[in-house]
Amino acid sequence: MHLESGKVSRFESHFGRSPTVVTRAPGRIEFIGNHIDYNGGRVLGMAIDRYIEAAASPREDDCIALRTEIHEPVEASLSDLRPVRGSAFWANYVLGVVHAFRDAGASVERGFDMEFSSTIPAGAGLSSSAALELATAKALEVLYGFPLSEERLAVLCRHAENTFVGMPCGILDQGVSVAGRRGHLVLVDCRLPRFERVPLPEALRFWVFDSNKKHRLVESLYGKRHEECTEALACLQRRFAGIEHLVDVAPDQLEATRRDLGDPLYSRVLHVIEEQQRVMECVFALERGDMRSVGERLDASHQSSRVLFENSTPELDGLVDCLRHRSGVYGARLTGGGFGGGVLAVTSPRFARSDAEAVVRDFVGVFPDCTPAVFEVGWGDGASSAGCDGWRV
Ligand code: GLA
């Protein structure tokens, strides 16, 4: 791993000594598989070339001192590790991982200093939160001499987010951030979890159009969808044996339970079942190099999120509409939790920045109050760490 002198010298000027470990973890795009990770599904994501990096060093006392380029510094004590509120809320992603390491059996007795920097745009649905968790976890593996498999790291970081941050997310973000590999998508089997790498055709470009607009209640709406899925699952399980997750439901079982479920639960389950099907169709189409078929699945995924799962917004729909029929665009869909955030467009190399800017202009013509941002992202590698022993700026 390449050690950046800026990061190390910033750590040194803040903490007065060298870091002993530096780590980095990528953000991700959700390629396809919307809201099926916490329903036992298989989802496709890609690690991107934007990262959260951390530099860290152990301390003699039990204090955890955290710094970033943009937040107020936070200090916490290992003897009283609990979620924090207010402007220090971001630190819960870090403290939650420390807590989870301790629960997993690591001997977490001494504290540490840690400094973060990021090139992942926040709020665009690229999962800077999972990257923060993984950058922390890779550092803790070294600081506490407690190495973990990719699967355990992802499970532990998800657990931290569910329990310490209070976000009932699935394992897509953590799985992709830990298991990403250049030139590949990660197929995450969320039930186990297990990661497989799916090679990508070379000549593709990936664009994220950030609507820069988020529903005011985005977190609670995500939680609401999670609850609806849990309720629908309980209803189906009362009727049929052998259903562990919503993705196990067969179409005829869903139809037979339609009246009991009512709407919107019926629509939520239909989305989950069909979205799972689309993910696997995408895997096969990628194997054949059939990008037209992949693109059709991406478009259909967006329409299903919009109509059946109802987690889109007028702005995300507007961006998808502006992208759909442009030359060079294979497909476009909302990426991540929805209710705001960004749209992913997968294109051929002939779709250039000037085309992306034309899309933004068209969109602003319809949504004059919106100022979307567009990023081209490339593929990245999964989370990694490097020791700094003997390394000097
Ligand atoms: C967010 C969550 C993921 C996943 C997606 C929707 O990114 O963190 O676990 O549920 O939304 O697919």
Side-chain angles (χ1 to χ4, degrees), residues 25-48 52 92-93 96-97 120-134 154-180 185-191 193 195 208 210-211 214-215 217-230 233 245-247 268-269 271-276 278-279 282 297-298 301-302 304-306 308-313 316 333-344:
R28 61 101 190 90
I29 49 178
E30 176 191 284
F31 191 82
I32 190 167
N34 199 227
H35 283 258
I36 62 170
D37 58 350
Y38 57 82
N39 287 307
R42 287 195 270 179
V43 294
L44 274 174
M46 183 182 89
I48 60 171
I52 287 196
N92 290 330
Y93 294 94
V97 174
I120 306 175
L126 298 174
S127 199
S128 50
S129 45
L132 182 55
E133 292 154 13
L134 262 307
V155 167
L156 190 146
C157 288
R158 176 198 178 186
H159 178 74
E161 187 155 341
N162 290 167
T163 57
F164 224 77
V165 179
M167 164 77 176
C169 63
I171 203 163
L172 159 72
D173 307 344
Q174 294 79 6
V176 176
S177 185
V178 78
L185 295 178
V186 185
L187 178 63
V188 183
D189 185 340
C190 301
R191 187 184 293 248
F195 311 124
V208 175
D210 178 5
S211 66
K214 243 194 186 140
H215 199 290
L217 300 173
V218 56
E219 270 90 22
S220 66
L221 285 166
Y222 184 97
K224 176 102 194 306
R225 289 294 175 277
H226 190 278
E227 277 166 30
E228 288 169 347
C229 289
T230 310
L233 177 64
H245 297 283
L246 278 190
V247 292
R268 308 296 186 243
V269 184
H271 164 81
V272 168
I273 296 176
E274 292 182 346
E275 183 75 350
Q276 180 62 100
R278 281 187 286 271
V279 172
C282 258
R297 303 300 178 288
L298 300 182
S301 167
H302 182 80
S304 180
S305 298
R306 180 175 75 80
L308 297 176
F309 213 72
E310 295 183 281
N311 62 329
S312 189
T313 61
L316 295 177
R333 60 178 293 273
L334 69 82
T335 182
F339 305 110
V343 160
L344 161 71

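Order of listing sets the numbers, starting from 1, for every ligand and every atom in it.
Close approach of ligand 1 to Arg28 (heavy-atom distance below 4.0 Å) involves ligand atoms 7 (O). Close contacts of ligand 1 with Asn34, meaning ligand atoms under 4.0 Å from a residue heavy atom, involve 6 (C), 12 (O). The ligand atoms of ligand 1 that sit less than 4.0 angstrom from a heavy atom of Gly33 are 12 (O). When each atom of ligand 1 is checked for a heavy atom of Gly170 under 4.0 Å away, the hits are 9 (O).
For a threshold of 3.5 Å applied to N or O pairs, the pair formed by Ile171 and ligand 1 contains no separation below that value. At a 3.5 angstrom cut-off on N or O pairs, Gly337 counts as close to ligand 1. Checking only distances, Glu30 does come within under 3.5 Å of ligand 1, N or O to N or O.
The shortest non-hydrogen separation linking Ile171 to Pro193 is CD1-CG, 3.9 Å. Taking every heavy atom of both residues into account, Ala131 and Ser177 meet most closely at CA-OG, 4.0 Å.
The shortest contact between atom 10 (O) of ligand 1 and any protein heavy atom is with Tyr222 OH, 2.6 Å. Atom 4 (C) of ligand 1 has as its closest protein heavy atom Asp37 OD2, 3.2 Å. The shortest contact between atom 8 (O) of ligand 1 and any protein heavy atom is with Asp173 OD2, 2.6 Å.
In this structure the side chain of Val186 never reaches within 4.5 angstrom of the side chain of Arg28, judged on heavy atoms. Ile273 places none of its side-chain heavy atoms less than 4.5 Å from the side chain of Leu246.
Between Phe195 and the options Asp189, Val178, Val176, a side chain to side chain contact (heavy atoms under 4.5 Å, CB included) holds for only Val178. Each of Arg333, His271, Arg306 was checked for a side chain to side chain donor-acceptor pair (under 3.5 Å) with Ser301, and the lone residue meeting it is Arg333.
Between Ser127 and ligand 1 there is no heavy-atom distance shorter than 4.0 Å.
Looking at Arg278 and Glu275, a side-chain N of the basic residue comes within less than 4.0 Å of a carboxylate O on the acidic one, giving a salt bridge. One finds a salt bridge joining Arg225 and Glu228 here, because a Lys/Arg side-chain nitrogen approaches an Asp/Glu carboxylate oxygen to under 4.0 Å.
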